[in-house]
Amino acid sequence: MEDENEYIELPDDPEQAFAALQRRKYKSLEQAWEDNRNGSFYCERQYVDTLLAFDEVHSLGILTEFRNPPNNDSKFSDFFQDFRRHAEIASQKIMMEAARRMKTGASTIIILDAAARSAIHTLIEKIREKLNELKLPESKRDALFNKLNSFAAEIDRNRTRTEAFYAFALDVARTAREINDELKPLQQSIDRVLGWLDKASKWKDALPPWSERKKIEPPPKRLPKPELSDIIDDDIPF
């Protein structure tokens, strides 16, 4: 349907959404070239305008230097080549970084003791309170809560994955561009959680690999207590 919002199905992460949108729009542009549907750079301008609008709405800053496309077609041709290459490289970098985070995040598993779990749960509640106080669009608030709740569910597991909290912290850092002063108390709580995760990670890294860990040896066997008759016999010289 033409009424459908094509942006709803994009990834929640704005940068990854930009990369997905760029690939989708460029594929449509290539199809237009193949079908000879283009005239006076109409399709190219649509591609540029869509990515510029997305970049501006999400305050990504990826296309800041391309905010004013030239109206003259002869100048637009050179502009478009630079724009296309910049958007393509930026998208590739975003996808590479997302893949790197996903792979490293999959192995970022820590073990928390009872004290650490209790402290982190307390900090999470403080973070929730601060999130409710901030002046944020509801869509942004919901996205932050979803990541925070995913991490909270991990805390009580024997092996805690940290990926959700790092994603939450990254989103908060992006939001800081808009409401910097109001985020300071929230950032302090986030830093304290990161401190607990860092401690647990260092403790885990300090352990030798499972293959090298020695099994706990049982206590050495003791000789049986000598019988009284044996002691007496040893004392008798004949």
Side-chain angles (χ1 to χ4, degrees), residues 1-30 43-70 76 79-105 127-128 130-151 162-187 189-191 194:
M1 293 175 59
E2 291 185 4
D3 294 355
E4 270 186 40
N5 188 333
E6 63 176 315
Y7 305 103
I8 290 177
E9 293 183 0
L10 291 172
D12 291 336
D13 180 274
E15 288 186 348
Q16 291 182 46
F18 174 86
L21 182 64
Q22 187 276 329
R23 295 174 68 183
R24 180 192 298 175
K25 291 301 179 182
Y26 192 71
K27 187 175 181 180
S28 298
L29 185 56
E30 287 181 313
C43 294
E44 286 87 344
R45 288 185 184 277
Q46 271 196 325
Y47 169 81
V48 169
D49 290 345
T50 300
L51 295 185
L52 283 176
F54 192 91
D55 180 73
E56 190 171 348
V57 165
H58 292 278
S59 303
L60 296 177
I62 296 171
L63 302 174
T64 303
E65 60 186 287
F66 296 95
R67 288 281 165 85
N68 299 303
F76 181 81
F79 168 90
F80 177 75
Q81 293 305 321
D82 291 339
F83 180 94
R84 182 204 61 76
R85 186 169 183 273
H86 183 86
E88 174 65 26
I89 291 174
S91 297
Q92 291 296 333
K93 287 181 177 179
I94 290 168
M95 300 307 289
M96 289 174 189
E97 176 61 20
R100 185 192 67 79
R101 285 203 306 264
M102 189 176 294
K103 288 180 179 179
T104 56
I127 290 171
R128 285 194 176 109
K130 295 297 180 186
L131 276 181
N132 279 320
E133 294 171 5
L134 292 176
K135 296 175 182 177
L136 290 172
E138 286 307 310
S139 58
K140 169 61 72 174
R141 195 190 314 276
D142 289 345
L144 289 171
F145 267 121
N146 286 340
K147 289 183 174 67
L148 184 61
N149 291 338
S150 294
F151 174 65
T162 60
E163 178 73 5
F165 191 77
Y166 289 135
F168 168 79
L170 186 62
D171 264 9
V172 170
R174 290 196 185 106
T175 307
R177 298 173 187 170
E178 304 166 16
I179 47 172
N180 196 23
D181 291 338
E182 296 179 47
L183 276 175
K184 286 180 181 177
L186 175 61
Q187 191 61 55
S189 296
I190 290 174
D191 289 343
L194 290 172

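One is the number of the first residue; the rest follow in order along the sequence.
- A 4.5 Å side-chain heavy-atom check between Q22 and I94 finds every atom pair outside the cut-off.
- Between L144 and L136 the shortest side-chain heavy-atom distance falls below 4.5 Å.
- Looking only at distances, a side-chain donor or acceptor of H86 sits under 3.5 Å from a matching main-chain atom of I62.
- Within the cation-pi definition used here (under 6.0 Å to the ring centroid, within 45° of the axis), R128 does not qualify as a partner of F145.
- With respect to the salt-bridge test (charged N to carboxylate O, under 4.0 angstrom), the residues E6 and R24 qualify.
- Within the 4.5 Å cutoff, the side chain of R45 has heavy atoms near those of the F76 side chain.
- Looking only at side-chain heavy atoms (C-beta outward), F54 and V57 stay at 4.5 Å or farther from each other.
- In terms of heavy atoms, A17 sits closest to P11 at CB-O, 3.4 Å.
- No salt bridge links K147 with D12; every basic N to acidic carboxylate O contact stays at or beyond 4.0 Å.
- Between the side chain of D55 and the backbone N or O of L51, no donor-acceptor pair lies under 3.5 Å.
- I127 is listed as a side-chain neighbour of F165, based on a closest heavy-atom distance under 4.5 Å.
- Within a 6.0 Å sphere centred on CZ of R67, heavy atoms belonging to other residues, nucleotides or ligands number more than 12.
- Here the side chains of F79 and F66 are in contact, with some heavy-atom distance below 4.5 Å.
- The aromatic rings of Y47 and F80 sit perpendicular, their planes meeting at an angle over 60°, well past the 30° parallel limit.
- To the nearest 0.5 angstrom, E65 atom CD is 8.5 Å from D82 atom CG.
- Residues V48 and R84 are not in side-chain contact: their nearest non-hydrogen atoms beyond the backbone lie 4.5 Å or more apart.
- At a threshold of 4.5 Å between non-hydrogen side-chain atoms, the residues R23 and M95 count as touching.
- One finds a salt bridge joining R141 and E138 here, because a Lys/Arg side-chain nitrogen approaches an Asp/Glu carboxylate oxygen to under 4.0 Å.
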